[in-house]
Amino acid sequence: MYVARSAASRVLAAGLSVGSRLPAYCTSMGRVLLAALPDIELEAYLRDLKPKAYTPRTIVKIPQLRNAILGFATGDTQS
């Protein structure tokens with residue numbers, strides 16, 4: 001849940017407001033928090049997950065999602 005929001009002066013901005021909710025797997029902040037989970041908890045989360053694409057770039061394949069999450073844990077960057 002987003003508890004604060006700062007407006008950006010960009011042409012395109014996400015339409016999220018305070019109180020908005022998105023699944024952890026499809027946001028950068030959510031993936032950071034997932035990366036901090038113990039391995040057994042992350043695997044349980046991914047095992048039970050039924051990912052849905054919220055945008056054309058949402059990762060919905062579990063192996064790719066695992067790599068994206070673990071990339072945060074190892075310091076790899078994501079584009």
Side-chain angles (χ1 to χ4, degrees):
M1 176 186 300
Y2 289 87
V3 295
R5 175 141 167 89
S6 176
S9 60
R10 298 183 201 146
V11 174
L12 181 63
L16 298 172
S17 59
V18 172
S20 295
R21 293 175 183 247
L22 289 171
Y25 71 88
C26 66
T27 68
S28 58
M29 178 54 72
R31 286 190 221 145
V32 166
L33 296 173
L34 290 171
L37 288 175
D39 291 343
I40 195 164
E41 289 182 36
L42 176 59
E43 289 307 316
Y45 173 84
L46 293 173
R47 182 185 62 241
D48 298 336
L49 183 64
K50 306 286 188 269
K52 170 185 159 187
Y54 285 82
T55 73
R57 296 187 62 169
T58 303
I59 301 171
V60 294
K61 294 181 180 176
I62 299 299
Q64 293 173 338
L65 185 55
R66 181 183 291 107
N67 289 340
I69 292 167
L70 296 177
F72 281 109
T74 60
D76 292 343
T77 58
Q78 183 177 328
S79 56

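Count residues from 1 along the sequence. For clarity, every value in this text was computed on a predicted model and none was experimentally measured. What's counted below: heavy atoms across the whole structure, side chains too, no hydrogens, waters or symmetry copies.
Here the closest non-hydrogen pair linking Ala35 and Ile69 is CB-O, 3.4 Å. Nearest heavy atoms, Leu65 versus Arg31: CD1-NE, 4.3 Å.
The CD1 atom of Ile62 lies 11.5 Å from the CG atom of Asn67; values are rounded to the nearest 0.5 Å. Rounding to the nearest 0.5 Å places CG of Leu22 at 6.5 Å from OG1 of Thr27.
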Identify every side-chain donor-acceptor pair in residues 41-55 under 3.5 Å, counting partners at least two apart or on other chains, and give the distances.
residue, atom, partner, partner atom, Å
Glu43, OE1, Arg66, NH2, 2.9
Glu43, OE2, Arg66, NE, 3.0
Thr55, OG1, Arg57, N, 3.1
Thr55, OG1, Thr58, N, 3.3
Thr55, OG1, Thr58, OG1, 3.2

